[in-house]
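FYI, the numbering just counts along the sequence from 1.
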Amino acid sequence: AHMAAVAAAAAAAAVAGEVNEPVARQEPVRSEYHGFVRDDPYHWMKDDNWQQVLREPSVLRDDIRVHLDAENAYTESALAGTKDLQATMVAEMKGRMNQDESRVPAIDGEFAYFSRYAEGYEHPQRCRMSRSDFEGKWSQDAPQVESLEVLLDANSLAEGQDFFKLGGVEHSPDHKLLAYSTDVKGSEYFTVVVKDLSSGQLLQDTLVNCSSFEWAGDSQTLIYTVIDEKHREKWVYRHTLGSLQADDVLIFEEPDDGFFLGVGLTDSRRFITISSNDHQTSEVRLLDAAKPDAPLVLVQPRVSGLMYEVTDHGESLLVLTNHDKATDFKVCWTPLSTPGADHWKDLVPHKEGVFIRGMQTRQGRLLLSQRVAALPVLSVSTLSEPATTAEAPVMGDSVPIKFDEEAYSLSMMGTYQHSSQSIRFSYSSPTTPESVFDMDLATGERRLLKSQKVPSGHNADDYVCLRRLATAKDGAKVPVTILHRKGTPLDGSAPLLLYGYGSYGHAMPAHFSTNRLSLVDRGVVYAIAHIRGGTDCGYAWYDPNGRMFNKMNTFTDFLAVAKYLVDEKITSKGRIAIQGGSAGGMLVGAAMNIAPEGLFSAVIAEVPFVDVLTTMCDVTLPLTPPEWPEWGNPIEDKAAYEYIRSYSPYDCLEPRASYPNVLATGGLADPRVTYWEPAKWVARLRTVRGSGDANLSLLKTEMTAGHGGKAGRFDSLDQVAVAYAFALLIFRRIGVLPNLDL
């Protein structure tokens, strides 16, 4: 009751415009590593009971909750003048969204399964129809067919919940059952239940603290991972329907706290995969899906720096790997009977500059997802199935699938039917809505199954997408994707939002987004920096050039892109807002610290990983040991400590005349970037601004959500609108958009 009163008072004060900038108390906590002493004045914001807070946010310590509520009230007050603009943008974004939206059904046996959204609802439904209806009657414009069944309606599950997210949804191989997982706190502790599709009733089976799961071939067994008290995937269990979770059989325990753990299926669904990996090393075990009580088969024992993933092809195993210095990866094969690396033979040799980022098989085909010259390419080859295990599969010529726009996104889509003689892929670009195609593997003929609808209207010719190259500090050429509306002047007068990420090898796709049009249509140029730390330009773009002791390349690349955009008069100094989330929040925090003063007018840091050094020294946190291969281990390595200290955004805040306007966001139940990181960062930022610096330092914490914020498709638009309204407000304040209607 006390907390509700505090929140109500804060909200009332915000409405009345009485909210002052919060001043966080300072209680220095000293730490020492390698002779370096640090005083952290805001360590108190980390609740000692944080693990329980993830499971039950209501137990957050009172003084921390009061502070976060005060921050939220201040942010609401500071942005109160943009309320109408936020509402307008939410309406625009909803208007571009096809509310009665269905994915293209995927055939499995006599059925075709798909997800859809019903008009006006936040969460998806899981549905199916008969295969014959899909093949004979279904179309994007006529999705309702007689055999359609709604197997699961997540909206009914979400009723009464402050937060709800539907996780995995998998039907059993015999099509009689549906297993699905849900998270009602945002902390990513999922609960798996099983529904009888004939009766519509839940079985008694309930599996808690889960992450990933798969059905075995008998439709009576689930193989699933369990998360420990430190929120790390630690165990793989076998569950037989009708039994208690307490009686489930442990089939694998991950011995290394630094490794992630997950279960999956090979493309034919013959094997369940149990995959252990960190950011540099992987290890896979196979379980015969038809014999879930059989022993696991280890493919190749983990060797530091060796990465691989596998799928089966007849009696062969195909391995996508960096083995033998294959920096951009290659595909090998080996008989199933001898899976280890000593037996791997090249099938698709390594070719520098052609990064193989994924593979799939169909009966008689090998499909590769590649990246060449910072653009995605799909390729299809015939692939024989040898009669004996001693014979190598024989590949035919490779047929590429690519498009002609300067920048675009292209992705393979999965299938249940390994014997399918077609592949499905999706294509979009910053100007072109998504299209989904099936391509006949024999003829190469493409069939358009779905084109993304924009109900409020969209004309691609109204927009321009450019791909340009900025020159980095060391001479590397950094791609940048630029989107603007035709008629937006490129004479230096336009404001610009620059987005980036640059970590873990994640490339930034140049895909279509209806949301960002709410900026672009108001005269803002939108740019994506494809910086080192991602694999946008091949694997070496990430490793070694964008991680560990080369991490500064990520930040200096970002600044080089900003400089290029100014030099080319696409924008001007002081007219740039920068945005990034999670590790991208670290990026914009670090870039803010090292940028020339006045380059950026605004910083939007969403769930930002900004307290890097403290987190990497705290072994109790969920992701610390698994993250050491990415950033270094500052506990054991003095050089790693010094290097992280040189860029950690929280630690590098120093007194100076002015910093840009900043909006940071967090999620109370976030297990990835804990809520106290952005809270501490904003509190310290206020103390280092110069006496004449009136720029904003704002923090907005979602008190009932985690890393991804609100999960509903409409609710999430509110968060987008807040970020965009903040950027537009700052642009108007500096006189860039004087006629903008707030």
Donor-acceptor under 3.5 Å ([X] side chain, [Y] main chain):
X: W541; Y: A507; result: no
X: T432; Y: S429; result: no
X: D100; Y: E119; result: no
X: R575; Y: S493; result: yes
X: S572; Y: G492; result: yes
X: S428; Y: F512; result: yes
X: Q140; Y: S451; result: yes
X: Q125; Y: V150; result: no
X: K700; Y: L663; result: no
X: N695; Y: V662; result: no

Heavy-atom check, side chain of [X] versus side chain of [Y], under 4.5 Å:
X: L148; Y: D133; result: no
X: T665; Y: E702; result: no
X: T327; Y: H350; result: yes
X: T82; Y: F726; result: no
X: M592; Y: P649; result: no
X: V399; Y: M439; result: no
X: V348; Y: K330; result: no
X: D440; Y: R447; result: no

Return the minimal non-hydrogen interatomic distance between [X] and [Y], and the atom names on each side.
X: G538; Y: F355; value: CA-CB, 3.9 Å
X: A494; Y: T571; value: O-OG1, 2.7 Å
X: A560; Y: T471; value: CB-O, 3.5 Å
X: H458; Y: Y463; value: CE1-CE1, 3.4 Å
X: H279; Y: M307; value: O-SD, 3.9 Å
X: G533; Y: K551; value: CA-NZ, 4.2 Å

Please say whether more than 12 non-hydrogen atoms of neighbouring residues, nucleotides or ligands are located less than 6.0 Å from [atom1] in [X].
X: D397; atom1: CG; value: no
X: R446; atom1: CZ; value: yes
X: D491; atom1: CG; value: yes
X: Y121; atom1: OH; value: no
X: E597; atom1: CD; value: yes
X: Q99; atom1: CD; value: yes
X: K165; atom1: NZ; value: no

- Message: Between K402 and V372, is the side-chain contact (heavy atoms from CB on, under 4.5 Å) condition met? List the steps.
- Response: CA-CA 10 Å; K402 53 185 179 181; V372 181; over 6 Å; no

- Of the options L483, T431, V525, L497, which is the one that meets V520 in a side-chain contact (heavy atoms from CB on, under 4.5 Å)?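 The single option meeting the side-chain contact (heavy atoms from CB on, under 4.5 Å) with V520 is L483.
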
- Task: Using the side-chain contact (heavy atoms from CB on, under 4.5 Å) rule, pick out the option among V561, I531, L469 that qualifies with P479.
- Result: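 So, applying the side-chain contact (heavy atoms from CB on, under 4.5 Å) to P479 and each of V561, I531, L469, only L469 qualifies.
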
- Query: How about Y427 and F437: are their ring centres within less than 6.0 Å of each other?
  - Reply: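 Aromatic pair excluded; centres sit 6.0 Å or further apart.
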
- Message: If you take the centroid of each ring, where Trp contributes its six-membered ring, are F555 and F558 closer together than 6.0 Å?
- Response: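 Between F555 and F558, which both carry aromatic rings, the centre distance is not below 6.0 Å.
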
Could you grab the distance from atom [atom1] of [X] to atom [atom2] of [Y], nearest 0.5 Å is fine?
X: E188; Y: R672; atom1: CD; atom2: CZ; answer: 4.0 Å
X: M97; Y: L717; atom1: CE; atom2: CG; answer: 4.5 Å
X: M89; Y: L519; atom1: CE; atom2: CG; answer: 7.0 Å
X: N545; Y: Y539; atom1: CG; atom2: OH; answer: 12.0 Å
X: L740; Y: L742; atom1: CG; atom2: CG; answer: 5.0 Å
X: L517; Y: Y526; atom1: CG; atom2: OH; answer: 10.5 Å

Would you call [X] and [Y] a salt bridge, using N to O less than 4.0 angstrom?
X: R532; Y: D557; result: yes
X: R485; Y: D521; result: yes
X: E101; Y: K450; result: yes

When you check the side-chain N and O atoms of [X] and [Y], is any donor under 3.5 Å from an acceptor?
X: Q579; Y: Y724; result: no
X: R357; Y: T535; result: no
X: H530; Y: T481; result: yes
X: R733; Y: S601; result: no

- Message: Between D267 and R365, is the salt bridge (charged side-chain N to carboxylate O under 4.0 Å, His left out) condition met? List the steps.
- Response: CA-CA 12 Å; D267 292 327; R365 295 290 194 284; over 6 Å; no

- Report the C-alpha distance between S426 and M413 in whole Å, list the side-chain angles of each, state the deciding distance to 0.1 Å, and finish with yes or no for side-chain contact (heavy atoms from CB on, under 4.5 Å). CA-CA 7 Å; S426 66; M413 304 176 75; 4.0 Å; yes

- Steps toward side-chain contact (heavy atoms from CB on, under 4.5 Å) verdict (L441, I423): CA-CA 7 Å; L441 290 170; I423 63 166; 3.6 Å; yes

- May I ask you to decide if the ring planes of Y504 and H506 are parallel, tilted or perpendicular, using 30° and 60° as cut-offs?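 If you compare the ring of Y504 with that of H506, the planes turn out tilted.
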
- Item | Steps toward side-chain contact (heavy atoms from CB on, under 4.5 Å) verdict (H123, N155) | CA-CA 5 Å; H123 300 284; N155 298 286; 3.5 Å; yes

